[in-house]
Every structure is written in structure tokens, then in C-alpha cells.
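Order of appearance sets the numbers: ligands from 1, and atoms from 1 within every ligand. For the single chain, residues carry numbers from 1 onward in sequence order.
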Amino acid sequence: MKKRRPIQPLQQGVFMALLLLCAARAQDPAPPGGSQSTPAHWKANSWWPTSGVPSRAEFAGAETCAGCHAGIAAAQRKTPMFNAASRPSDSDLLRHHTGLPFSEAEYSYVLSRQPTESKFVVKNDTGTVSAPIDWAFGSGEVAQTYVLKRNNDFLESRLSYYTSLMALGITTGHSAVAPQNLEDALGDPIDSETTPRCFGCHTTGSTTSAIFDPDHATLGLTCEACHGPGAKHVAAMNNDEPGPVEKTIFSTRDLSPVDSVDFCGACHRTPVDVAAFMPANMGIANLRFQPYRLERSLCWGQKGDARITCVACHNPHKPLVRDPATYDATCLKCHASTGSPPTSTLLVGCTVGKVNCVSCHMPKYEIPAVHAMFTDHDIRIVRPGSGFLP
Ligand code: HEC
Ligand code: HEC
Ligand code: HEC
Ligand code: HEC
Ligand code: HEC
Ligand code: HEC
Ligand code: HEC
């Protein structure tokens, strides 16, 4: 057995190991009607993202969906979610870098690209190891981490590419202490319960009929990662008398505001996933769990409102919108315009700013371990110097 280095709480894999372990035992602490854990949703619904229950035969494949939903398909291909995982040969990021160097203690690394493969080469006084990369995780919008299959183990690479640094750095959650030997320098083993979860959130159809088979997954998130298997829908739509469409594919239309947010939370983590299964003292790292942050805000209220779900601000089929003014319309569905008094349908408005509401009320903070800024979804008045509220 290989000796494992201590793993920091931030490590993505460990989150999911915890989630699974707890799911097996814990009572769901959520009140009725409130947010639930993702495992509870797997049980309660015919389909839920990251569920590995449906069989491969029930999936139609994204090309089939594009045949009728061409506009949505063309837009969705440009999203980071579509590119959430890839083979190294398909990763634009790796294609644009022929050799990325890094060094720590006595180790020198190169992430090198050849025509047929990408690999990590690590050297020290005792020798050299070279290991091909099997999968690239993350679109590279923020970062990209590599997964290697080595001697029947899945390894999470010790080094990731960080877009803001334009260079390799230590993967979020890995020990800052230099590895003990060349083999450990490649990465940390991901345990067998966590590996399917990583693929579950970053690929489509990696687990079917409860069997994990990453070689037959569609890398990245295509239509059926969210909408569930669609072969039945395709067959019905090809039929002359299709009947009600909602009965042929899981309907995201009918979700309550809480469930709609939990739906995105299957991967972005629901508030209950965060409260029950994540380490309690994550500090600023919990910025990444938007459902948890959003539901803390006064705007959310007790049970939410269709005007303040994730899809009220984000079109899941399109890339993230960076222009802050675009979000004003969402705020003004509930708040009166600046300068106008509240009405029977509109709440009190702002006395300070007229436009770009999110630029003041949804501040961005850096998560140092990820070398990137994230947006606080806890919408609130930010007083000067108040900083991040864990
Ligand atoms: C033969 C044409 C056809 C194909 C192929 C097809 N769809 Fe549809 N789909 C339709 C039509 C028609 C509707 C109803 C009109 C609409 O909402 O666009 C629809 C509606 C939908 C809806 C909305 C359901 C609701 O609750 O209102 C979703 C989601 C959907 N399709 C997803 C998919 C996915 C995922 C695939 C691929 C697995 C797919 N479709 C393949 C024709 C098709
Ligand atoms: C099956 C898992 C999954 C589901 C379900 C999911 N996401 Fe994501 N989402 C991801 C992953 C993985 C990424 C990171 C993509 C990358 O590699 O950059 C992401 C990234 C994003 C981004 C950031 C894009 C950027 O430009 O940085 C937004 C916005 C987003 N998701 C919104 C949503 C919304 C809204 C929903 C619900 C409708 C949703 N997601 C549901 C897995 C998921
Ligand atoms: C429960 C779902 C889930 C699991 C499990 C998961 N991820 Fe992710 N991952 C996400 C989501 C969602 C994002 C987007 C975060 C954001 O932008 O807020 C993401 C983002 C990333 C990114 C982009 C950089 C970053 O940190 O935001 C990388 C790289 C990544 N994941 C790698 C991995 C690897 C490697 C594993 C397994 C060892 C893994 N993920 C497991 C959901 C998941
Ligand atoms: C990240 C998750 C996610 C992915 C990936 C995704 N969808 Fe959707 N889709 C949703 C959600 C959530 C809604 C409901 C949006 C709402 O209520 O405003 C939706 C709505 C729809 C609808 C009905 C409403 C509309 O916008 O016309 C269709 C049709 C649809 N999706 C097709 C597709 C197809 C085709 C793909 C693949 C090219 C796809 N979706 C990929 C989450 C997703
Ligand atoms: C679904 C309706 C809804 C939407 C959409 C909404 N809010 Fe709110 N917001 C509320 C409610 C309800 C409150 C609490 C008001 C109260 O208790 O008087 C609130 C309170 C606030 C507060 C005061 C919080 C505090 O700490 O006192 C601010 C600031 C705010 N909203 C800004 C925004 C901004 C900016 C947006 C858009 C990004 C937005 N809201 C979108 C419903 C909404
Ligand atoms: C009131 C509007 C609003 C709502 C509701 C909302 N978002 Fe966002 N979201 C934003 C804004 C604004 C940004 C930052 C855009 C930019 O980069 O300037 C953002 C950014 C993101 C990002 C990119 C990473 C980051 O932190 O900057 C992800 C992922 C994301 N949102 C997911 C979600 C999910 C999941 C939900 C549901 C829990 C959600 N959002 C609800 C407005 C919203
Ligand atoms: C330049 C930064 C800035 C911008 C832009 C801005 N706000 Fe504010 N907003 C503030 C500050 C600061 C306060 C607190 C004012 C006070 O009470 O001292 C505030 C207060 C509020 C409140 C609470 C009002 C109350 O009396 O309880 C709401 C609601 C609100 N803003 C909504 C919005 C909306 C909606 C927009 C966009 C139309 C917006 N804000 C744009 C800075 C801003």
C-alpha cells in the first residue's frame, strides 16, 4: 500500500466521500418543504442530476437533442459546464501549452504535450517518473486539475493549471508539504467512492444502472446531465401524436423555487449538503456553494420565490453574463426603482445606486487556494470594511 499524505479539508474528493458516508447514515435534517440533501433527491425523484440509476439505453446522446433543439445546443456548447471535463487531446488549454514547468523542494515537474498524449514528468536526484494524463477536469475558466489512472488507482494530480496565474500551482486541498517520493509527486489517490462522484458532477452518463464506467461517459455536461435520459422523449417527439411533452422527460418547469435551487445544487451543493456533509470551518471557501449563500440572504425569504432562483439570473444554456447591468432587471422584479416609493407589489428600493445593483450588493472575494474571485450570492448591504461574512 502506498502511504497517503494528510489531506486538507478543502480537497474536492474528500467532500464527496463525506457526503456519501453521511448520506448512508444521517437523517435528513431539512424541514419539510425546505432544501434537501442531494442523496434525498435521488431517492425521491424519478430523475435528479448526478443520479447514476438510469440505464445507458435510456440516454439518446446530445447530438440527437441538437437535431430538434439546435439553438439551445449551439449556445450550450460554449458554456464552461459543457467543457467541465475532457480528454487531454480535446482540452484547449493543453493544446495551447506544449510544456508547463513547476518546481518545489528537490522536484522539478513538466506537464508536457506530445501529438498523442499529455503527461506529467517529475524528476529529482533519485530518478524520473512519467505518467500520461487520462482526464482534464475543469474547463480552465478558473482552473484545470488532471486525473490519472495508475496501477488501478485514480489519482488527482498534485498540480493544477490556474488561469489567473497562467501557470501550474498546487491543487486546491493538497498538502503544502513537499511529497515524500516521485510516485507521490504525481498526485493523491482518490478513493473508490469519491471517483464516481467527481465524474458525476463533471461528465454525463459516467454511472449508469449504478455501475461506474468512465470510459463510456460523455465528458462535460450535455443536455442529459441535467434533463435526465431522453430516449423516451425523442421517441415520443418523433411520433406524429406525441401527447404532453412533460410526461416524456423530467420537467424542470414544475420545480418549486427550493427544488429548483436544489437541482443546481446537485453539483453546486444544496444548503443541506453544505450544512450536513461539509467541514464546518471552511471559511471563505463556502463562497463556491452558491445555493447555500443565496438562501442566507434576506431576498430569499423563507421558501424562496421563482424570481430569485438560480435560473432567474442564469440561463443554464448560456455562458455566464459578466455585465452587471444585466442583472438589474431581476432585482427590480421585487424592489422599487431607486427614487420610487415601495408599492403593494414592489419592496423598498435603494437610496444609493440606480444601476449595476450586483456590483455593490453581491461583492466578489478571492478564494486564495483557487487563485480566483468568486461572487457572494448572499445578497446584502455591504458596509465599508465589513468584509466577507462566513
Ligand atoms: C424529434 C424532435 C426532438 C428531439 C430529438 C428532442 N426534443 Fe426535446 N422537445 C421537442 C419538442 C417539440 C418539445 C416541446 C416544445 C419545446 O418546449 O421546445 C420539446 C421539449 C423539450 C423540453 C421541455 C420539457 C418541458 O417540461 O416543457 C426539454 C427539457 C427537452 N425537450 C429536452 C430534450 C433533450 C434533453 C433531448 C435529447 C435527449 C431532446 N429534447 C430531444 C422535440 C424534440
Ligand atoms: C451535473 C452537475 C451540474 C449541475 C446540475 C449544474 N452545474 Fe453549473 N457547473 C458545474 C460544473 C462542474 C461547473 C464548472 C465548469 C468548469 O469546469 O469551469 C459549473 C459551472 C457553472 C457556472 C459558471 C460558469 C463560468 O463561466 O464560470 C454557472 C453560472 C453555473 N454552473 C450555473 C448553474 C445553474 C444555474 C445550474 C442549475 C440550472 C447548474 N449550474 C447546474 C456542474 C453542474
Ligand atoms: C458535487 C459535485 C462535484 C464533485 C464531486 C466534484 N466537482 Fe469539481 N466542480 C463542481 C462545480 C459545481 C464546480 C464549479 C464551482 C464554481 O465555479 O462555483 C467545480 C469546479 C471544478 C474545477 C474548476 C476550478 C474550481 O475549483 O472552481 C476543477 C478543476 C474541478 N472542479 C475538479 C474536480 C475534481 C478533480 C474532482 C474530483 C476529485 C471534482 N472536481 C469533484 C462540482 C463538483
Ligand atoms: C446545467 C443544466 C442544464 C443543461 C446542461 C441543459 N439544460 Fe435545458 N434546462 C435546464 C433548466 C434548469 C431548465 C428550466 C429553465 C427555467 O425554468 O427557466 C431548462 C429548460 C430547457 C428547455 C425548456 C425551456 C426552454 O428554454 O426552451 C428545453 C427545451 C431545454 N432545456 C433543452 C436543453 C437541451 C437541448 C440541452 C442540451 C443542449 C439542455 N437543455 C441542457 C437545465 C439544463
Ligand atoms: C424575490 C424578490 C427579490 C428579489 C428578486 C431581490 N430581492 Fe432583495 N430583498 C427581498 C426581500 C423580501 C428583502 C427583505 C426586505 C425586508 O425585509 O424589508 C430584500 C432585501 C434586500 C436588501 C436589504 C438587505 C439588508 O441587509 O437589509 C438589499 C440590499 C437587497 N434586497 C438587494 C437586492 C438586489 C441587489 C437584488 C438583485 C441582485 C435583489 N435584492 C433581488 C426580495 C428580493
Ligand atoms: C440575483 C442574481 C443571481 C442569482 C439568483 C444567482 N446568481 Fe450566480 N451570479 C450572479 C452574478 C451577478 C454573478 C457574477 C457574474 C460576473 O462574473 O460578473 C454570478 C456568478 C455565478 C457563478 C460563477 C462563479 C462566481 O462565484 O463568480 C456561478 C457558478 C453561479 N453564479 C451559480 C449560481 C447558482 C448555482 C445559483 C443558484 C443558487 C445562482 N448562481 C444564483 C447572479 C446571481
Ligand atoms: C454604489 C453601490 C450601490 C449600488 C450600485 C446599489 N446599491 Fe443598494 N444600497 C447600497 C448601500 C450602501 C445601501 C445602504 C444604504 C443605507 O441604509 O445606508 C443600499 C441599500 C439598499 C437596499 C435597502 C434599502 C432599505 O432602506 O432597506 C436595497 C433594497 C437596495 N439597496 C437595492 C438595490 C438595488 C435594487 C440596486 C440596483 C437598482 C442597488 N441597490 C444599487 C449601495 C448600492
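Using bins of under 30°, 30° to 60° and over 60° for the plane-to-plane angle, the ring pair W48/H41 lands in the parallel bin.
Here the protein contributes H227 NE2, H317 NE2 as N, O or S atoms under 2.8 Å from atom 8 (Fe) of ligand 4.
The pair R95-D92 meets the salt-bridge criterion, since a charged nitrogen lies less than 4.0 angstrom from a carboxylate oxygen. At a threshold of 4.0 Å, the pair R253-D259 does not count as salt-bridged, since none of the basic side-chain nitrogens sits closer than that to a carboxylate oxygen.
In terms of distance to atom 8 (Fe) of ligand 1, the nearest N, O or S atom of H69 is named NE2. Shortest distance from atom 8 (Fe) of ligand 1 to H233 is reached at NE2 (N/O/S atoms only).
Not a single N, O or S atom of C65, from either the backbone or the side chain, sits less than 2.8 Å from atom 8 (Fe) of ligand 1.
Using modelled atom types and a 3.5 Å distance limit, the side chains of S91 and Q144 yield a donor-acceptor pair.
Between N238 and ligand 1, not a single N/O pair is under 3.5 Å apart. Any N or O atom pair closer than 3.5 Å counts here, and E224 shares no such pair with ligand 1.
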Atom pairs and distances, ligand 5 N/O vs protein N/O under 3.5 Å:
from: ligand 5; atom 1: 7 (N); to: H335; atom 2: NE2; distance (Å): 2.8
from: ligand 5; atom 1: 9 (N); to: H335; atom 2: NE2; distance (Å): 2.9
from: ligand 5; atom 1: 31 (N); to: H335; atom 2: NE2; distance (Å): 2.9
from: ligand 5; atom 1: 40 (N); to: H335; atom 2: NE2; distance (Å): 2.9

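When all heavy atoms of R269 and P291 are compared, the closest pair comes out as O-CG, 3.2 Å.
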